[in-house]
Every structure is written in structure tokens, then in C-alpha cells.
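Position 1 is the first residue of the sequence; numbering continues from there. The analysis underlying the following values was restricted to heavy atoms, covering all of them including side chains, and did not include hydrogens, waters or symmetry mates.
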Amino acid sequence: MAWESRIIIRRPIEIRALVSAFTAERGKEYVFQGEVHNFWEMVYVKEGMAGFTADGQVFECPPETVVFHKPNEFHRIWTAGDEPLQFTVISFDTDSQYLSDQLSNAVITLSSKSRALMAELQSIIENNGAPNAYLPGDFRRGGSVVDVARFCGTLELLLYECAASHQKVAPKNSSSARLFAAAVRKMNGYISQPIKSQQLADELNISLAHLKRIFNRYALTGVHEYFLAIKIKKAKALLSQGEPVYKVAEEVGFDNPNYFSATFKRETGLSPTQWVKRAE
């Protein structure tokens, strides 16, 4: 009988919440300092050349490119060319392992089919909220939860197309970009230990001043501050896995659990215990 041959569908990508979506235009001096958040973000470059930093990698992205930032990843954007930068940002929440496997730190040039899906999403955004002020729960022209669901359905189709794409953009390969990536890799290798900026510079065979210039250029922050952000990111992951605070402190290079808790609260606004309860 026909029903005996049915296929059980398990969706590899399912958006659980739409956080925000907006379009923006910025001039050639635009630099966004950077951020870390606990949801996915997709940035579509419509016009101009965009520079991106994402977890130690540096990209320069032309029009019709999308950049994916996974949760808890430091990232920033700036205008990398002489023309104004036009872009669209869509932030969403999902626990899709497939998406994580395929699109973490991915930068992709859109295919014709993907461009059509992106144009549809942009049209919905621009028709339902002013640039920089679009909230998914406030469709202004008689919208409803169904409209949000349709928007997310189109977004999921775009994500499938991007995951299957082979048109990936390679990271920038300048000497400074390579040094930045190497420094971040070394930081991750030293995450359970203290390391001085001078030691890091010595291991990279560059001066401390040069190392500081690289981090100021690609991260807009100091070497120590960036390393601390990596430690906090790792701490969040360990806390989410149920590790006790004293053990987390040890694994991210803090000898004193109380000092770790105070540092964690200073950086996140919550104590480790409060952060775990908030995530539950």
C-alpha cells in the first residue's frame, strides 16, 4: 500500500526564532567595532566591498556575497573599497548541526537561485520596516505570525542553497591577515595557560608593536583583550556542557575560581552561575 512507502522527514535546518533583520547603507569610512552574540547571523553584501573579521580569519567580500557568523564568534565589518557599502543582516536562532557543519565561518558567492531567494527576503524586509529598524514581530502592513513563518521558510531555502554551494570565498592572504590568523590559532592553543603579548610576538617572529598594529587593524582591540574574549567564549561552552565553575576556571587558565567569576561577570554582565541559569 502507498502509505507503507512513506518517507519520514527530519529537517536538517529549522529556524527556531527570528532575532532581527534589516538593511543598511554605510559610507567608505564605515567601521563596525565588532560583537559576539549567542545566535547565528548572516550578512549579505549587496553593493560595495566589505571587509570582515571572523574568528581569526579576514575576508574581503564583493557584492553578491554572504557571510555567516556562528554563535559566540567575534566578528566585525568595515567598508573595504571606495564605494558606499550596502548590506542586509538577518539574525536567527537554530540548533542545526548540519548548518554548523556546513556554514560555520563560511563566506559564499551567491548562485542565481540564491540571489533570487535573497531578493525575496530583502523585499519583505524593506516593505515591512524602515532600514535599521526592522523587527520580525512588527510587520507593519497587516502582517502576522504566518508572514514571519513564510520569511523563515524562504530563509531556510537560502541556507540549504548556501550549504550546498561550492562558490566559497577564500580568506584574505596578505601577510598581516596570515599573521592575525596565526596569532589567534596560538591563542587557542594557549587557552588553558597565561601568555604574555611579548611571548606571542616572539613566537610569531615579529615585534610587539607590529602584533599590536595587526590586532588594532583586524579586531579593533588589544592583544590581551582579544585573548580574554577567546577564554570567555570557551568558558561559556564549558559551562553550557555542565562543567563546574572551578573546573571551567582551570581550563581557561585562571588559578583562582573567584577571580575567574569576577572577570566573567565583568565581561558578560552575569556571574557564571547566572549565565548558566539564563541559558536554561
Practice task
Side-chain contact test, heavy atoms from C-beta onward, threshold under 4.5 Å: evaluate it for I15 versus L159 and give yes or no.
Solution key: yes
Problem - From NZ (K236) to CG (N38), nearest 0.5 Å - result: 7.0 Å
Handout entry: Atom pair CD (Q57) and CZ (R178), whose distance is rounded to the nearest 0.5 Å
Key = 13.5 Å
Practice task
Nearest 0.5 Å please: distance from the CD atom of E41 over to the CD1 atom of I77.
Solution key: 9.0 Å
Exercise for the section: Using salt bridge (charged side-chain N to carboxylate O under 4.0 Å, His left out) as the criterion, list what pairs up with E14, not counting sequence neighbours. Expected result: R11
Problem - Minimum side-chain heavy-atom gap S271-Q274 below 4.5 Å - result: yes
Problem - V252 with V36, same ILVMFWY side-chain cluster at under 4.5 Å - result: no
Handout entry: Point-to-point distance, once rounded to the nearest 0.5 Å, from CG of L110 to CG of L117
Key = 9.0 Å
Handout entry: ILVMFWY cluster, L228 and V223 together (side-chain gap under 4.5 Å)
Key = no
Practice task
State, yes or no, whether a side-chain contact exists between W78 and R76 at a heavy-atom distance under 4.5 Å.
Solution key: yes
Exercise for the section: Check step by step if side-chain hydrogen bond (donor to acceptor under 3.5 Å, both in side chains) holds for E251 and S192. Expected result: CA-CA 5 Å; E251 293 194 34; S192 62; over 6 Å; no
Problem - Minimum side-chain heavy-atom gap K231-F227 below 4.5 Å - result: yes
Handout entry: Partners meeting salt bridge (charged side-chain N to carboxylate O under 4.0 Å, His left out) with K46 (sequence neighbours left out)
Key = none
Exercise for the section: Would you check if the side chain of S104 reaches a backbone N or O of S100 as a donor-acceptor pair within less than 3.5 Å? Expected result: yes
Exercise for the section: For E203 and Y190, run side-chain hydrogen bond (donor to acceptor under 3.5 Å, both in side chains): C-alpha distance rounded to whole Å, both residues' side-chain angles, the deciding distance at 0.1 Å, then the answer. Expected result: CA-CA 12 Å; E203 293 192 14; Y190 279 107; 2.5 Å; yes
Practice task
Taking the side chain as every heavy atom from C-beta outward, state whether F87 and T23 have any atom pair closer than 4.5 Å.
Solution key: no
Practice task
Would you confirm whether the ring centroid of F39 sits within less than 6.0 angstrom of the ring centroid of F92?
Solution key: no
Exercise for the section: Return the set of residues passing salt bridge (charged side-chain N to carboxylate O under 4.0 Å, His left out) with D202 (not counting sequence neighbours), or none when no residue passes. Expected result: none
Exercise for the section: Check the pair F215 / F180 against ring pair (Phe, Tyr, Trp, His ring centres under 6.0 Å), numbers first and verdict last. Expected result: CA-CA 7 Å; F215 273 81; F180 178 69; 5.1 Å; yes
Practice task
Could you tell me which residues satisfy side chain to side chain contact (heavy atoms under 4.5 Å, CB included) with S261, sequence neighbours excluded, listed by chain and number?
Solution key: V245, P272
Handout entry: Non-neighbouring partners of D101 that pass salt bridge (charged side-chain N to carboxylate O under 4.0 Å, His left out), sequence neighbours left out
Key = none
Fill in the blank from the handout: For Y160 and P12 the tightest heavy-atom approach is OH-CD, 3.2 Å
Problem - Residues, nucleotides or ligands: over 12 heavy atoms within 6.0 Å of R16 CZ - result: yes
Practice task
Name all residues meeting the side chain to side chain contact (heavy atoms under 4.5 Å, CB included) criterion together with A182; count only those two or more places apart in sequence or in a different chain, and write none if there are none.
Solution key: R185, L204
Practice task
Treating Ile, Leu, Val, Met, Phe, Trp and Tyr as nodes and any side-chain heavy-atom pair under 4.5 angstrom as an edge, say whether L18 and M118 lie in one connected cluster.
Solution key: yes
Practice task
Give the cluster check for V31 versus M49: same hydrophobic cluster or not, with ILVMFWY residues linked at side-chain heavy-atom distances below 4.5 Å.
Solution key: no
Exercise for the section: Taking all non-hydrogen atoms of both residues into account, name the closest pair between C61 and V67 and its distance. Expected result: SG-CG2, 3.9 Å
Exercise for the section: Answer yes if I13 and F68 sit in the same cluster of Ile, Leu, Val, Met, Phe, Trp and Tyr residues linked by side chain heavy atoms under 4.5 Å apart, and no otherwise. Expected result: yes
Problem - With E60 via side-chain hydrogen bond (donor to acceptor under 3.5 Å, both in side chains) - residues at least two apart - result: K172
Exercise for the section: Please report the closest heavy-atom contact between S197 and L208, naming both atoms and the distance. Expected result: CB-CD1, 3.6 Å
Handout entry: Flag side-chain contact, heavy atom, 4.5 Å: W40 against L99
Key = yes
Using atom types as modelled, flag every donor-acceptor pair under 3.5 Å from a side chain in residues 263-270 to any protein atom, sequence neighbours excluded.
residue: T263; atom: OG1; partner: Y259; partner atom: O; Å: 2.9
residue: T268; atom: OG1; partner: F264; partner atom: O; Å: 2.8
residue: T268; atom: OG1; partner: L270; partner atom: N; Å: 3.2
residue: T268; atom: OG1; partner: L270; partner atom: O; Å: 2.9

Exercise for the section: Give the minimum heavy-atom separation between A50 and A80, together with the two atoms involved. Expected result: C-CB, 3.9 Å
Practice task
Go through Y44 and Q122 one step at a time and tell me if the side chain to side chain contact (heavy atoms under 4.5 Å, CB included) criterion holds.
Solution key: CA-CA 10 Å; Y44 166 62; Q122 279 196 298; 3.5 Å; yes
Practice task
For T79, check side chain to side chain contact (heavy atoms under 4.5 Å, CB included) against everything at least two apart and list the hits.
Solution key: K28, Y30, L85
Practice task
Working to the nearest 0.5 Å, report the span between CG of L211 and CG of L179.
Solution key: 8.5 Å
Exercise for the section: Locate the shortest heavy-atom distance separating A21 from F151; write the atom from each residue and the value. Expected result: CB-CZ, 4.3 Å
Problem - From L239 atom CG to E243 atom CD, the distance as rounded to the nearest 0.5 Å - result: 8.5 Å
Handout entry: Any side-chain heavy-atom pair of K168 and V107 under 4.5 Å
Key = no
Practice task
Using a 4.5 Å cut-off on heavy atoms from C-beta on, say whether the side chain of V89 contacts that of M42.
Solution key: no
Problem - Parallel, tilted or perpendicular: rings of H69 and H75 (30°, 60°) - result: parallel
Handout entry: salt bridge (Lys or Arg N to Asp or Glu O under 4.0 Å) partners of residues 81-92, not counting sequence neighbours, each pair once
Key = none
Practice task
Any pair with a residue in residues 204-228 that passes side-chain hydrogen bond (donor to acceptor under 3.5 Å, both in side chains), sequence neighbours left out, goes on the list, sorted by first then second residue, please.
Solution key: S176-R217, S176-Y218
Practice task
Could you tell me which residues satisfy side chain to side chain contact (heavy atoms under 4.5 Å, CB included) with P244, sequence neighbours excluded, listed by chain and number?
Solution key: Y246, K247
Exercise for the section: Using a cut-off of 6.0 Å, state whether more than 12 heavy atoms not belonging to K70 lie near its atom NZ. Expected result: yes
Completion exercise
Smallest heavy-atom separation, L121 atom then L158 atom, equals CD1-CD2, 3.8 Å
